[in-house]
Student: 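Here it is: the structure, laid out below.
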Amino acid sequence: MNHELVLNSVNDEHAAVILDLDPKGGYSGADMPVYISNALAHLYADPAVKTVISRSKHLEDIKPGLYYLEALERVAAPHYIPTNYDIQVCRRETVLIKCLCTYGELRYFIWDMQGHYGQPRRWIRCCEKITAIFFVVPLSSYDEIDPCSTMNGIEQSQVAFDQMCNSPSFADVPIVLLFNKLDLLAEKLPHSPLAQYFPEFTGDANYEEACNFFRDMFLPLNKNAKRDIYPYFTNAGRDYKQFKYIWTTLQGHLVEEHMRKHNLLP
């Protein structure tokens with residue numbers, strides 16, 4: 001059987017347009033030229049392209065591109081102004097980000113490690129007197145295999161979480177465990193069975209069963225019975241109202257924890 005995927009012949013000219021672009025420079029000007037956006041739209045709709053995307057196990061690297069292709073009509077419109085989420089999607093994970101936050105009269109800093117937890121030399125200097133750790137698990141990565149290892153994204157997160165929550169450096173630090181990308185998890189489950197990657201999962205494509213499975217997978221990794229762990233399921237970045245509620249709730253917990261730690265509460 002021939003499994004070769006071929007573009008629809010009507011899209012050959014659109015492919016040529018994209019292939020002729022300078023990969024380093026793309027195009028110049030404030031707005032995307034119509035001939036480029038038109039070519040992208042036709043190619044993205046091609047059945048062969050859709051099939052290649054659906055078969056990919058390395059979606060993490062191309063997710064930003066897929067996001068913009070889905071929003072192509074808006075992004076390619078004249079005088080396009082990016083939203084906060086547009087900017088967040090295209091950020092480059094090369095440096096730590098320091099953000100100042102306030103809660104009433106309190107001021108504190110958040111350090112975004114951007115996936116560099118496996119490279120402590122990048123962030124260890126930020127770990128003195130920290131109040132809490134926010135550990136984000138991308139649930140949709142359960143079928144995304146790292147080309148440099150044999151582990152999928154969830155397994156990599158497990159290793160990192162185990163190392164971090166059981167490190168002597170963080171023995172007294174509460175952890176906020178955010179199970180993120182619920183929407184993408186729900187989209188994947190029907191056509192990418194979770195049991196294929198985690199045989200111990202006995203459910204089917206049930207969304208809630210999968211969430212409970214992941215939660216029960218991570219929480220026992222913590223060996224410190226006195227540590228507080230706050231697990232939440234989120235769509236951070238897409239569901240702003242939900243995350244705002246979670247963030248407000250967490251701030252109250254963390255302030256209370258900080259006051260108790262310094263004997264300001266009974």
Side-chain angles (χ1 to χ4, degrees), residues 3 47 49-67 69-70 85 88-89 115 117-118 132-166 174-225 227-247 249-250 253:
H3 294 284
V49 174
K50 292 290 189 183
T51 300
V52 170
I53 292 173
S54 67
R55 291 179 180 177
S56 175
K57 299 303 180 185
H58 308 295
L59 286 176
E60 198 64 35
D61 292 336
I62 63 174
K63 279 179 182 176
L66 295 180
Y67 168 81
L69 286 170
E70 289 286 347
Y85 190 66
Q88 180 181 338
V89 167
Y117 42 70
I133 294 172
F134 286 70
F135 193 94
V136 183
V137 180
L139 294 182
S140 60
S141 66
Y142 70 90
D143 64 349
E144 297 169 13
I145 310 299
D146 187 334
C148 299
S149 73
T150 59
M151 295 191 295
N152 60 51
I154 292 294
E155 291 171 328
Q156 289 180 312
S157 292
Q158 279 185 283
V159 172
F161 183 72
D162 189 359
Q163 293 175 344
M164 185 168 287
C165 72
N166 295 310
I175 296 178
V176 179
L177 184 56
L178 298 176
F179 295 102
N180 196 30
K181 300 188 178 181
L182 293 178
D183 53 340
L184 297 180
L185 173 66
E187 291 176 9
K188 280 190 172 184
L189 285 174
H191 60 80
S192 183
L194 180 57
Q196 181 177 338
Y197 304 91
F198 293 94
E200 61 271 34
F201 178 69
T202 57
D204 47 23
N206 185 283
Y207 171 78
E208 292 185 1
E209 288 184 4
C211 289
N212 291 335
F213 173 75
F214 287 126
R215 181 196 60 205
D216 295 342
M217 177 190 298
F218 276 81
L219 291 181
L221 294 175
N222 173 50
K223 307 306 183 203
N224 184 352
R227 182 202 302 281
D228 289 324
I229 295 184
Y230 305 98
Y232 288 92
F233 293 91
T234 74
N235 276 320
R238 293 187 179 235
D239 191 340
Y240 175 74
K241 290 184 179 180
Q242 178 209 33
F243 192 71
K244 183 178 181 180
Y245 168 77
I246 292 175
W247 179 239
T249 303
L250 284 174
H253 286 314

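For clarity, every value in this text was computed on a predicted model and none was experimentally measured. Positions are given from 1, in the same order as the sequence printed here.
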Student: Which heavy atom in Ala186 sits nearest to a heavy atom in Pro190, and how many Å separate them?
Tutor: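 Distance-wise, the nearest heavy atoms are O-CD, 3.3 Å.
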Student: Is any side-chain heavy atom of Ser192 closer than 4.5 Å to one of Tyr197?
Tutor: yes
Student: Does Asn235 use its side chain to pair, donor to acceptor, with the backbone of Asp183 at less than 3.5 Å?
Tutor: yes
Student: For the CG atom of Leu139 and the CG atom of Leu184, what is their distance to the nearest 0.5 Å?
Tutor: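 Those atoms lie 9.5 Å apart.
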Student: Tell me, with the steps shown, if Lys188 and Glu144 meet side-chain contact (heavy atoms from CB on, under 4.5 Å).
Tutor: CA-CA 11 Å; Lys188 280 190 172 184; Glu144 297 169 13; 2.7 Å; yes
Student: Evaluate the side-chain contact (heavy atoms from CB on, under 4.5 Å) criterion for residues Glu155 and Asn152: first the C-alpha distance (whole Å), next the side-chain angles of each, then the deciding distance (0.1 Å), finally the verdict.
Tutor: CA-CA 5 Å; Glu155 291 171 328; Asn152 60 51; 3.4 Å; yes
Student: Would Phe179 and Leu185 count as a side-chain contact (heavy atoms from CB on, under 4.5 Å) if you check the C-alpha gap in whole Å, the side-chain angles of each, and the deciding distance to 0.1 Å?
Tutor: CA-CA 10 Å; Phe179 295 102; Leu185 173 66; over 6 Å; no
Student: Could I get the full list of side chain to side chain donor-acceptor pair (under 3.5 Å) partners for Asn166, not counting sequence neighbours?
Tutor: Asp162
Student: Can you name the closest pair of heavy atoms from Tyr207 and Leu189 and give their distance?
Tutor: CA-CD1, 4.0 Å
Student: Can you list, pair by pair, the side-chain donor-acceptor contacts under 3.5 Å of residues 209-225, counting residues two or more places apart and other chains?
Tutor:
| unit_1 | atom_1 | unit_2 | atom_2 | d |
| --- | --- | --- | --- | --- |
| Asn212 | OD1 | Arg215 | NH1 | 3.4 |
| Asn212 | ND2 | Glu208 | O | 3.3 |
| Asn222 | OD1 | Asn224 | N | 3.3 |
| Asn222 | OD1 | Arg227 | NE | 3.1 |
| Asn222 | ND2 | Asn224 | O | 2.9 |
| Lys223 | NZ | Pro220 | O | 3.2 |
| Asn224 | OD1 | Lys226 | N | 3.0 |
| Asn224 | ND2 | Ala171 | O | 2.7 |

Student: For the CE atom of Met164 and the CD1 atom of Ile133, what is their distance to the nearest 0.5 Å?
Tutor: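 Going from CE on Met164 over to CD1 on Ile133, the span is 5.5 Å.
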Student: Start with the C-alpha distance between Ile154 and Val137, add both sets of side-chain angles, then the distance that settles side-chain contact (heavy atoms from CB on, under 4.5 Å), and finish with yes or no.
Tutor: CA-CA 7 Å; Ile154 292 294; Val137 180; 3.7 Å; yes
Student: Would you name the heavy atoms of Phe135 and Ser157 that are closest together and state the gap between them?
Tutor: CZ-O, 3.5 Å
Student: List for me each residue that meets side-chain contact (heavy atoms from CB on, under 4.5 Å) alongside Val176, sequence neighbours excluded, and say none if there are none.
Tutor: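 Applying side-chain contact (heavy atoms from CB on, under 4.5 Å) to Val176 gives Phe134, Leu178, Tyr230, Tyr232, Leu250.
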Student: Donor-acceptor pair, distance only, cut-off 3.5 Å: does the side chain of Lys181 make one with the backbone of Pro138?
Tutor: no
Student: Just verifying a value: how many Å separate Ser140 OG and Leu182 CG, rounded to the nearest 0.5 Å?
Tutor: 9.5 Å
Student: Do Met151 and Val159 have side-chain heavy atoms sitting under 4.5 Å apart?
Tutor: yes
